[in-house]
Every structure is written in C-alpha cells, then in structure tokens.
Engineer: 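Mind looking over this structure? Questions follow.
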2 protein chains.
Amino acid sequence: MVDREETTTAPKVTDAALRPFLGFNLRRAWNVIHADLVATLEPLGLRMITFSALTVIGENPGLSQAQLATALSVERPNLVAVTDELSTRGLVTRERLASDRRTYALKLTAAGERLLARATEAVRGHEAALYEPLSDGERQSLIAMLQKIESKGTGRS
Amino acid sequence: MVDREETTTAPKVTDAALRPFLGFNLRRAWNVIHADLVATLEPLGLRMITFSALTVIGENPGLSQAQLATALSVERPNLVAVTDELSTRGLVTRERLASDRRTYALKLTAAGERLLARATEAVRGHEAALYEPLSDGERQSLIAMLQKIESKGTGRS
DNA sequence: TATTGTTATACTCTATAACTATA
DNA sequence: TATAGTTATAGAGTATAACAATA
C-alpha cells in the first residue's frame, strides 16, 4: 500500500532541512519533556503551572501573587485561577498583610508541602529517565548552555 | 520602594528551586528562541508553522498535506489554514494527483522559493546571535544532546 | 498617581469528531 | 472499509485593558 506508483509524490518525507536549526531541535526536545511532564503530574492533580507555583511558593513563603507572577514569567491575571485552585484544594493559604492589605502572602499548607514533596520526587524521576543517555558532565554542560542561550534574551539570568 | 519593611513578604523571590530541572531551563531557553524567531519572521509575513511548512515542502516537493502534517508533528486539520494561506499568497501550489484525486501535491512556486531563501537566511542570522556564546563543539554537542532527549520520547527521530 | 488582585476578553496553538469525495 | 482534505469545535496557554480597593 505504500510505494506502488509514487512518481509525483515524494517517497520519503524528511524534516532534514529543519534539523540544522537550534530552535527546531529545542522545540522537539521540549515536546518530549512536556508530554512526559504532563503525564507525570496528572495523577497528582497538578499541571506545569500549578507545580511550578507550589515550588516557588515553597521556596519563598510569604511572597505575593505579583512576585510569583514575576518568578514564573506569567502575567498576573493568569495566576488568579492558579492560586484559586491551590487555595480551594487546601494546598496554599492566602493571608492579607496587615501592613498592606492589597497584597496576599502565599504560603504552603502542610498538605501543600506533602504534595510538593511527592510531585518533586516524581518529576525528578521522570527527568532522570530523559537524562539517561547523557553523562553527568553532559547534563551539567547542557543546562549551562541552555542558560547561556536564555541570557541572550533579556540579558538577565 | 523595595526593602522598607519586608518582614512577612519574602525579600528576594527566586526561581532557584526550579533551576535544577532540565525542563525548566529548556522551557526558558525556548521562550527566548521563540520570541526572537517570531520577531525575525514577522517582517516576512511568516509564522513558525508557515516557515516550517515552506521548508519541508521545499525539500520534499510533491508531498501531500498528510505527509507534511506528519513531518511537522501537527494534526492534519491544523494544516488546512496554513496551506490555504500559502496558496492564497502564491507561495505554494496544490495540484490534484491524477492517480489519486483525493490528495494534493504541494510544491513551492518561484515566489515561495525566493521567500523561503530570504527567511532561511534571516533565521540563520538570528540563531547565530543566540549561538554566539557557544563554541562550535558546544553547538554540535548541544544539538546532539537535544536529539538524544527527543529520542527518549517516541523512540523515533 | 501607582500598585494588588481581579474580571473580562481575545488570540494563538493544538487536538478531536465528523463530514465529503475519493479510493 | 479506509484515506485525504476539510469543517466545526474545544481546550489549553497566554496577553491586554479596565476596574475596585488600597497605598
């Protein structure tokens, strides 16, 4: 059913012309990582954005939503649904500051800490599998190179 | 305006907890490349998907839309608007095959060839700037590592 | 006047189901 | 029945404008 009379149509379609581009290879690698990450977080009821938010809140207890948005490089309005969800699920508390009642102080609850610990372990395991074909030195240099490329953007790390 | 009485709120919000993850660094590097790519292609009236489509058609003249979709890893319906646009702009021709009148044979027009050549040069220049902090050897090993990670996904290249 | 959190909105990208015409 | 192209649709993800409360 395949190569019967393929005279006009290209018999083997290749993406070789896109392979020399860094962006193409980076995007394809990201697709793999992303799909794996989604599948890893799904059983925990987390998405990339909620996992990232939990992680940053866990390391910066008391931060505001605006600070969280900056750290995650997303716009403030897009975080409202995220903090709503995390708060409703009892993973994060939003306390009004007495000194400035406009802002919330975001903190993990005990349940939030536990879920974050489990999710972090799951993501580490999933990344270890993707890293598997690379040596320790290669992994370090890969991340260093990605950060160099990232720094070409805003100039900031 | 910064550190006046930051007692409850974290003074310095950091994403350090996400930095050890490969996925986070890859995504941030992709954000930079993507933003640059969009800005590079915009003056030519191209998006990532239209540029990629032109490139693959240019290397595989006569391929079908289904083959193009496979090469670009997108679903067939999402290519309709793309080929419509490229056809309307006179960059690509869609010829019915006599042997199978269901399928189109996609080919670049002379104008499509010219635009592709210009766009390819522009993207090469934009990537060279992002690559700048990396040595030739590093660039090769970066792409090789990205392809190893990609191969962990489907097993296919 | 400026900022925090919020609402409403819109745009892009992408995926699925179902149709048509051909095979 | 199976496939190519198509239509309609829906879901993420993300961006902007504008508002109320507070500073």
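Proteins get letters first, then strands, A, B, ... in listed order; numbering begins at 1 in each.
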Engineer: From CG of B:Asn31 over to P of D:dG13, roughly how many Å is that when rounded to an integer?
Structural biologist: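 That distance rounds to 14 Å.
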
Engineer: Roughly how many Å is it from CD in A:Glu75 to P in C:dT7, rounded to a whole number?
Structural biologist: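 Between P of C:dT7 and CD of A:Glu75: 17 Å.
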
Engineer: Tell me the closest heavy-atom pair linking A:Ile49 and A:Leu72, and the distance in Å.
Structural biologist: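 Closest approach of A:Ile49 to A:Leu72: CD1-CD1, 4.1 Å.
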
Engineer: Spell out yes or no: do the side chain of A:Arg101 and the base of D:dT22 have one donor N/O and one acceptor N/O closer than 3.5 Å?
Structural biologist: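 Answer no: no donor N or O sits under 3.5 Å from an acceptor.
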
Engineer: Reading DNA chain C from 5' onward, which residue's closest nucleotide shows up sooner: A:Arg102 or A:Thr83?
Structural biologist: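 Whichever sits nearer the 5' end wins; that is A:Arg102.
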
Engineer: Return no unless some side-chain N or O of A:Arg94 is found under 4.0 Å from OP1 or OP2 of C:dT6.
Structural biologist: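 Answer yes for this pair, as a side-chain N or O of A:Arg94 is under 4.0 Å from OP1 or OP2.
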
Engineer: Evaluate the criterion salt bridge (Lys or Arg N to Asp or Glu O under 4.0 Å) for residue pair A:Glu59 and B:Arg19; output intermediate values, then yes/no.
Structural biologist: CA-CA 12 Å; A:Glu59 196 179 27; B:Arg19 280 292 164 194; over 6 Å; no

Engineer: Let me know the distance between CG of B:Leu63 and P of D:dA4, rounded to the nearest Å.
Structural biologist: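 The answer, rounded to whole Å, is 12 Å.
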
Engineer: Do A:Arg124 and A:Glu127 meet the salt-bridge criterion of a basic N to acidic O distance under 4.0 Å?
Structural biologist: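 Between A:Arg124 and A:Glu127 there is no salt bridge, as every charged N stays at least 4.0 Å from the carboxylate O atoms.
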
Engineer: In whole angstrom, give the distance that lies between atom CH2 of B:Trp30 and atom C1' of D:dG13.
Structural biologist: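 Result: 15 Å.
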
Engineer: Any ion pair linking A:Asp36 and B:Lys152 (charged N to carboxylate O, less than 4.0 Å)?
Structural biologist: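 Not counted as a salt bridge, because no side-chain N and carboxylate O are separated by less than 4.0 Å.
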
Engineer: For A:Arg76 and A:Met48, take the nucleotide of DNA chain D holding the closest heavy atom to each; which residue's nucleotide lies nearer the 5' end?
Structural biologist: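 Of the two residues, A:Met48 wins.
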
Engineer: For a quick check under 3.5 Å, do B:Gln65 and B:Thr83 share a side-chain donor-acceptor pair by atom type?
Structural biologist: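 Yes, a side-chain donor-acceptor pair sits under 3.5 Å.
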
Engineer: Looking only at the side chain of B:Val80 (C-beta and beyond, no hydrogens), which of the listed nucleotides D:dT7, D:dA23, C:dT22 gets closest?
Structural biologist: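 So the nucleotide nearest the side chain must be D:dT7.
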
Engineer: Using the closest heavy atom to pick a nucleotide of DNA chain D for each, name whichever of B:Pro77 or A:Ile49 lands nearer the 5' end.
Structural biologist: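 Between the two, 5'-proximity favours B:Pro77.
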
Engineer: Grab the CG-P distance between A:Leu79 and C:dT3 for me, whole Å please.
Structural biologist: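 In whole Å, C:dT3 P lies 18 Å from A:Leu79 CG.
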
Engineer: If I take atom CG in residue A:Leu72 and atom C1' in nucleotide D:dT14, what distance separates them, rounded to the nearest angstrom?
Structural biologist: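 My rounded result for the distance is 13 Å.
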
Engineer: State which of C:dG5, C:dA2, C:dA15 makes the closest approach to the side chain of B:Asn78.
Structural biologist: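 Nearest nucleotide to the side chain: C:dA15.
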
Engineer: In whole angstrom, what separates B:Arg96's CZ from C:dT22's P?
Structural biologist: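 To the nearest whole Å, that distance equals 7 Å.
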
Engineer: Ignoring backbone atoms, establish whether B:Arg47 has a side-chain N or O less than 4.0 Å from OP1 or OP2 of C:dC13.
Structural biologist: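 It does, given that an N or O in the side chain of B:Arg47 lies less than 4.0 Å from OP1 or OP2 of C:dC13.
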
Engineer: For B:Gln65, which contact category applies under a 4.0 Å heavy-atom criterion: base, sugar-phosphate, or nothing?
Structural biologist: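 B:Gln65: backbone/sugar contact only, no base atoms under 4.0 Å.
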
Engineer: Nearest whole Å is fine: how far is C:dT4 P from A:Leu68 CG?
Structural biologist: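 After rounding, the reported distance stands at 13 Å.
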
Engineer: Which of the following nucleotides, D:dT7, C:dG5, C:dA15, is nearest to the side chain of A:Tyr104?
Structural biologist: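 Closest nucleotide to the A:Tyr104 side chain: C:dG5.
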
Engineer: Which nucleotide, C:dG5, C:dT16, D:dA4, lies nearest any side-chain atom of A:Ala66?
Structural biologist: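 Within the option list, the nearest is C:dG5.
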
